[in-house]
Every structure is written in structure tokens, then in C-alpha cells.
Protein chains: 2
Amino acid sequence: MRPGIKDVAARAGVSPATVSRVLGGTYPVAQATRAKVQRAMRELDYVVNAQARALKGATSKTVAFIVSDVTGPFFAHVADGVEQQATAEGRLCLVCTTHDEPERELAVIDLMREQRADAVILVGGGQEDHAYRERMVRLARALDDAGSRLVLCGRPPLGDDVPATVVDYDNEGGAFAMTSHLLALGHRRIAFMGAQENLTTPTARVRGFRRAHHERGLEPDPELVIEGEFTRSFGYAGARDLLRRRPDVTAIFSATDVVATGVLQAVRDAGLRCPDDVSVTGYDDIPFAADFAPALTTVSIPHSELGRAAVRLALHRDSYSTGQYVKLGTHLAVRDSAGPLPH
Amino acid sequence: MRPGIKDVAARAGVSPATVSRVLGGTYPVAQATRAKVQRAMRELDYVVNAQARALKGATSKTVAFIVSDVTGPFFAHVADGVEQQATAEGRLCLVCTTHDEPERELAVIDLMREQRADAVILVGGGQEDHAYRERMVRLARALDDAGSRLVLCGRPPLGDDVPATVVDYDNEGGAFAMTSHLLALGHRRIAFMGAQENLTTPTARVRGFRRAHHERGLEPDPELVIEGEFTRSFGYAGARDLLRRRPDVTAIFSATDVVATGVLQAVRDAGLRCPDDVSVTGYDDIPFAADFAPALTTVSIPHSELGRAAVRLALHRDSYSTGQYVKLGTHLAVRDSAGPLPH
DNA sequence: GCCTGAATAGACAACGTTCTCTGTGGGTGT
DNA sequence: ACACCCACAGAGAACGTTGTCTATTCAGGC
């Protein structure tokens with residue numbers, strides 16, 4: 001049987017309350033008594049019951065981390081930041097996946113409400129439609145009532161009156177910078193691979209792509225903004241078809257690095273060289289981007305700082321008068337996969 | 001304020017016990033009463049308090065997942081399996097990192113003991129010394145007393161009398177197969193990059209490397225078994241020095257894919273081509289191994305099955321008469337980075 | 001020698017569930 | 001008409017903590 005505070009008290013010859021005070025350290029206990037209690041705890045190999053403690057207190061000292069898929073390199077690095085900061089703040093870290101099923105997302109947030117997590121961090125882009133937004137607003141309020149804080153990490157804010165913390169990064173700015181880079185290299189027929197109408201992340205990236213063209217007085221060819229998921233297989237199929245249909249394209253801006261892996265494969269399979277024949281770039285700067293063939297030019301996101309900031313802001317929300325919206329910067333990681341326009 | 005079972009009971013005009021019974025579903029409640037209660041729950045947006053429930057029950061319906069670093073691709077995929085299976089079994093998933101600090105490992109396991117997790121899954125290799133083993137044995141017993149199960153995932157068993165579940169993979173067999181593959185391609189001066197004396201994983205891989213030589217009546221050159229950590233930077237520095245010191249080497253078997261990325265970089269920087277001048281192989285088959293330059297020949301590990309099996313075995317340990325030790329197979333993933341011996 | 005106040009320790013009531021007893025009606029069998 | 005059982009619902013005690021309130025002791029000041 002697992003010993004409780006009473007067993008320790010009995011063995012030390014004191015009352016349970018005294019043991020609790022030794023545990024907490026927030027109340028005067030005589031040196032001799034403390035020693036007796038500590039000895040009893042050691043002898044019984046006692047550990048507190050976290051559930052009982054949480055039941056008494058207001059919170060479970062836990063941070064929940066919700067992603068669509070733990071294996072995504074993007075998520076793994078945000079998770080790293082979350083875990084680091086949570087540990088530093090004396091919190092444990094719960095992980096849940098949604099696999100992009102909206103109902104599952106709902107269910108998982110209810111689970112976290114049951115757990116009375118201090119913060120519930122939703123990582124990754126969200127959908128753009130109104131119904132989804134409304135649901136998020138309701139969840140934010142429900143969590144707020146339960147004493148938790150909803151944190152949106154990597155997606156835009158819901159509105160000022162919604163009790164949620166938002167930690168975003170400059171999605172559009174990164175796409176703008178990358179597109180400008182390609183334009184500066186002389187490319188004019190640039191494809192964007194992986195647009196998705198109703199999702200916040202690809203939409204912001206397409207916006208940056210367009211804006212970079214417009215600022216140079218150019219109009220992006222609508223035929224070159226290609227819809228598709230953030231997967232390797234879409235990158236492969238999409239690029240293969242594109243290269244057949246539009247051999248005049250000289251650069252492909254992939255919506256994510258994972259898409260870029262597929263694009264690079266398609267380029268190789270088409271007998272073309274990168275970057276000599278066609279430039280390929282990505283977005284995210286995943287850990288192995290520098291090891292691809294060729295090393296991938298991409299947009300770097302401060303992944304782990306995103307996670308750390310999420311936890312930090314959520315837990316100290318009263319002391320941040322600056323508000324609950326932070327937008328971190330992105331920057332270009334220029335490597336070998338994008339070069340000047342071939343002639 | 002967050003509503004409790006009493007508030008629901010009051011609103012529905014029944015006793016708290018009845019509400020609990022509607023919640024549990026394991027006791028007859030009249031149809032009309034059930035409807036009243038469910039309506040009250042909906043109106044108050046009630047969710048149970050997981051801590052209170054766990055306090056009553058024997059366990060917190062939680063699985064803990066302990067790794068040295070969440071960002072490692074190996075870990076991410078085991079985590080995926082763990083999370084999948086935990087969800088399927090109605091458990092939540094706690095994540096902790098140790099960053100390879102033994103004291104932190106200790107502290108984290110105590111934290112899990114406090115949480116009364118159903119299973120505590122320790123992922124990745126361990127140290128080989130006696131003191132460490134003894135400590136693990138004590139932890140296994142302590143967790144067993146607390147009603148939890150220690151699971152060792154990706155490291156060898158502690159002994160028959162220790163209450164722990166072990167889910168391992170054929171570490172040595174994979175190294176044996178890979179080395180045999182290289183030998184069959186004609187290579188005779190093969191380096192092993194990333195041995196570490198006191199750690200179980202590299203030790204097993206070196207063992208397979210040696211055995212493959214011996215079975216062909218060959219003796220591996222001790223100078224070619226190079227000590228080093230499982231990092232990209234070691235791979236780079238180690239391979240750079242090796243290629244300078246021993247230009248006669250024709251193949252480099254990297255202890256992990258991450259090491260291989262560094263090795264590949266060093267090979268490129270030395271002006272050599274892979275696999276034409278020197279073959280390079282890895283171990284782990286991380287997700288992007290196929291996207292490296294060239295696509296990496298490596299040993300594939302059933303990562304997520306490792307995680308799933310860990311949870312499955314730990315939670316149903318009474319119904320597995322077969323014992324609490326499972327060893328999963330590994331297989332070669334032959335790609336482009338290893339070729340026949342150049343002449 | 002008595003009062004005051006610090007320092008310390010115990011008793012007891014929460015926290016929100018679930019489980020085990022006890023009812024309490026109303027239907028059935030004889 | 002009586003006993004009996006069944007289906008249901010309530011009362012109350014846990015689970016292991018922590019916080020509040022009260023009781024004891026002892027030193028010091030008058």
C-alpha cells in the first residue's frame with residue numbers, strides 16, 4: 001500500500017497537519033519535529049498525492065499542449081519550448097493530439113477542463129470560417145470560467161473581448177521576405193505550392209506572396225498559386241504536374257518544408273537540377289532542412305520561443321499589462337536551393 | 001465559479017449520488033431522472049473534476065512519457081505511438097524531459113509517482129553501469145508499490161525479479177544487417193562512428209557491427225570504431241578527422257541518422273562524393289532520411305509500434321501471460337548513400 | 001505569581017467525487 | 001390482504017491533502 005500523510009504522521013508521532021506543514025514549508029515547525037517527520041517520510045518512501053493536493057488547491061499545476069500531430073517537426077520544437085518553460089515554472093505537461101478532427105479538438109479541450117490545467121495551448125493554424133471561430137470563443141470562455149487559460153499559438157487572435165492569449169509569428173512577413181528574395185534573384189514566374197482557402201496559416205503565407213509581387217508592381221499569375229495540403233505527397237504530385245503544365249516556371253515557393261521535400265523529389269525526377277534549372281524554397285526551417293539535397297532555403301520560425309512565450313504569458317497574465325498578444329519575428333535562412341534566374 | 005456535482009444535483013432536484021450515477025452509467029437511474037440531470041449538466045456546462053475522481057479511484061488514468069529530449073525524431077515517433085495507444089485506452093499523456101541528467105530522471109520519476117500514473121515509460125537507451133541499474137531497480141519497485149508500471153522502451157531488461165515491462169528492438173540485429181550489407185558490397189575498411197562505452201544503445205550497435213565481421217572471418221579494425229555522441233556536430237568533426245587520418249576508409253556506418261547528417265556534410269566538404277567515393281549509412285530511419293543528399297541507407301526501427309506496445313503491455317500486464325519483455329524487429333532501408341566498393 | 005504573546009502543535013472541516021448502506025414506494029405472487 | 005422483491009434514490013462516509021481555528025507550552029515583563 002502507498003503510504004499517506006497519516007501514516008507518516010503516525011510513525012513520526014505527530015499530527016497529519018504537522019506533516020503537511022513540513023511538506024509545505026510555509027509555517028513554523030520546530031527543528032526537532034521537522035527532523036522526525038522527514039525521517040519518517042524517508043523511511044516510508046513517502047511522496048505526496050498530487051491529486052489530493054490539486055483537489056484542495058485551485059489548479060493542477062499542469063499545462064496542456066494540443067497539436068494535430070506530435071511527429072510534425074514544427075510541433076516537436078514548439079513542444080520543446082512549452083515543456084522547458086512549463087518545467088521552469090513548476091508545471092507538468094500534458095500532450096494531446098487532434099489529428100485535425102474538429103470534434104476531437106473539442107473533446108480534448110473538455111478533457112483539459114476536467115483536468116483543470118493552468119493553460120491549454122493550441123498549436124498550429126486554425127480554420128478561418130465563422131462557425132469555427134465562434135466555437136473557439138466559447139471554449140475560451142469555458143476555460144476561463146474553469147480557471148484555465150486558452151493560448152492560441154501560431155494563429156491570429158480571436159478578438160479583444162475573448163479571454164485568450166495569442167502567441168503568433170509573422171507568417172505573412174516571412175512569405176513576403178521569401179518572395180522578395182526570389183524576385184530579387186530575377187525570378188518572375190514563381191509558383192506558390194500549398195495554398196488552402198480556409199486555413200489561417202497558408203492564407204497568410206499566400207498574402208505575403210502576393211504583397212511582395214504587388215510592391216514591385218507585379219501581378220502574380222493566379223494559375224501559379226496551387227491549392228494543396230501540407231504534405232510531401234502533395235508537394236511531389238503538385239510539382240510534377242506543374243512542371244509538365246508550365247515549364248516556364250523558374251521558382252517554386254513551397255508552403256512548408258515538408259511540401260518542399262516532395263517538390264525537390266519531383267524536380268529531380270523530372271531530370272531538372274535545383275537550383276540551376278529551378279529554385280525551390282520552403283517555410284518553417286525544420287531541423288533537417290540544411291541536410292536536404294540541396295540545402296533548403298527557407299523561412300525560419302522561432303519555434304521553441306513560441307512555446308516558451310505561450311506558457312510564460314498564460315501563467316503570468318495578470319502581470320503583463322502589455323496585453324495578451326505577441327507576434328514574434330521570422331527571418332530568411334538562405335541556403336543553396338534558390339539561385340539566380342537561369343537564362 | 002466552476003459548478004460541482006452538488007450544483008448539478010440542486011438544479012436537477014436530486015441528490016449528488018444520483019448525479020454521480022448518471023455520470024458513471026453503472027447503476028440504474030430512471031429515464032426521467034437521467035434526463036433531468038443531463039439537462040442540468042448541460043445548462044451549467046458541467047464537467048467532472050478529474051482530480052476528485054482520481055482521488056477516489058486508484059489511478060489518475062494517465063500515462064507518463066519520459067524522454068531526454070522531445071525534439072529528437074526518434075522520440076517524436078515513439079511519442080506518437082504512446083499517445084495513440086494511450087488515447088485508445090482512455091488515458092491522458094504526460095510528457096517530461098530529462099536532458100540526459102540522471103538526477104533529473106530521478107526527480108521526474110518521483111513526480112510521476114506523485115501523479116499516480118498508470119504507466120511510466122522511459123524511452124531511449126540507458127547507462128550500463130551497475131549503480132544506474134540498481135537505481136532503476138529501486139525506481140521500478142517504488143512505482144510498483146504506488147500502483148504504476150515502469151516501462152523501459154528501447155533498452156534491455158533489468159532482470160526477471162524486477163517489476164518492469166520492457167519493449168526493446170533488435171538493436172544489435174539491425175547493426176549486424178547493416179554491416180553485412182556493407183561487407184557484401186565489398187567494403188572492408190568500415191568505420192563505426194559514434195560508439196559510447198557506457199550506454200546500452202551504441203554498445204549494442206557496435207556489438208552487431210563486430211559480429212557481422214566475425215561471421216565472415218574478419219576482424220574489425222579497432223581504430224575505426226570511433227567514440228562520440230549522437231550529434232550532428234560529432235558526426236561532422238569525427239568524419240572530417242577520420243577522412244584525413246585514414247583515407248583508406250570506404251564506408252562509414254554512423255551510429256544514428258543524426259550523426260550521419262554530419263558525416264555527409266564532412267564527406268561533401270572533403271570534396272568526396274557519396275556513395276561513389278565513400279558509402280555512408282545511418283541508423284533509426286528518421287522521417288527525412290530519404291530526403292538527404294543522397295537519400296540515406298539506414299536501419300528502420302518500428303518507432304510508433306514501440307510506443308504503442310509499451311502502453312499496451314503496461315496497461316494489460318495481467319492478461320499477458322507471455323511475460324513483460326517484447327523485442328521488435330528492425331530492417332534495412334536501402335537507399336542511395338551506400339554503394340559498391342570503388343576501385 | 002500573573003498576564004501577554006510568541007512559538008508550536010492538534011482538531012476539524014473542507015475540496016468534489018464515488019461507493020456502500022439504508023430506505024421507500026409500488027408491483028407481483030399467493 | 002399480506003409478505004416480498006425490485007427498481008430506484010438519498011444519506012453519509014471515505015479518498016489524502018491543506019487551511020483555519022483553537023489549545024498548549026514556555027519565556028519574559030510587571
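Numbers restart at 1 for each chain; the letters A, B, ... are given by sequence-line order, proteins then strands.
Comment: A/Arg312 engages A/Glu305 in a salt bridge, judged by a side-chain N to carboxylate O separation of less than 4.0 angstrom. We find that A/Arg91 and A/Asp118 are joined by a salt bridge, their nearest charged nitrogen and carboxylate oxygen being less than 4.0 Å apart. Contact check on A/Glu134 versus A/Arg138 returns no salt bridge, with no Lys/Arg side-chain nitrogen under 4.0 Å from an Asp/Glu carboxylate oxygen.
Counting heavy atoms from C-beta outward, A/Arg113 and A/Ser148 have side chains that stay 4.5 Å or more apart. Using a 4.5 Å heavy-atom cutoff, the side chains of B/Thr59 and B/Arg116 are not in contact. Using a 4.5 Å heavy-atom threshold, the side chains of B/Arg21 and B/Arg34 count as separate.
Ring-plane geometry between B/Phe74 and B/His303 is classed as perpendicular, the angle between the planes exceeding 60 degrees on a 0 to 90 degree scale with a lower cut at 30.
Each of A/Gln31 and A/Pro16 was matched to the nucleotide of DNA chain C holding its nearest heavy atom; the match closer to the 5' end belongs to A/Gln31. In this structure, B/Val29 and A/Ala52 both approach DNA chain D, and ranking their closest nucleotides by distance from the 5' end singles out B/Val29.
Between A/Met41 atom CE and D/dT17 atom P there is a gap of 11 Å when expressed in whole angstrom units. Remark: P of D/dA9 and NZ of B/Lys36 are 8 Å apart, rounded to the nearest angstrom. D/dG19 atom P lies 9 Å from atom CZ of A/Arg53, rounded to whole Å. D/dC15 atom P lies 12 Å from atom CZ of B/Arg116, rounded to whole Å. Straight-line distance from the CZ atom of B/Arg34 to the C1' atom of D/dA9: 13 Å, rounded to whole Å. Following rounding to the nearest Å, A/Ile5 (CD1) and D/dT18 (C1') show an atom-to-atom distance of 8 Å. Nucleotide D/dG19 holds its P atom 11 Å from the OH atom of A/Tyr27, rounded to whole Å. The CG-P distance, from A/Leu55 to D/dC15, rounds to 14 Å in whole Å.
Taking the C1' atoms of five terminal pairs at each end of the helix from C/dG1-D/dC30 to C/dT30-D/dA1, the two resulting helix axes are inclined by 50°, rounded to 10°.
At a threshold of 4.0 angstrom between heavy atoms, the contacts of A/Ala17 include nucleobase atoms, whether or not backbone atoms are also involved. Among the heavy atoms of the strands lying under 4.0 Å from A/Thr18 are primed sugar atoms or P, OP1, OP2 only; no base atom is included.
Judged by distance alone, with hydrogens and angles left aside, the side-chain atoms of B/Gln115 form no donor-acceptor pair with the main-chain N or O of B/Thr62 at under 3.5 Å. A/Thr87 places a side-chain N or O within 3.5 Å of a backbone atom of A/Glu83 that can act as its donor or acceptor partner.
From the 5' end on, the contacts that DNA chain C makes with chain A at under 4.0 Å to a non-hydrogen atom open and close at C/dT8 to C/dG16.
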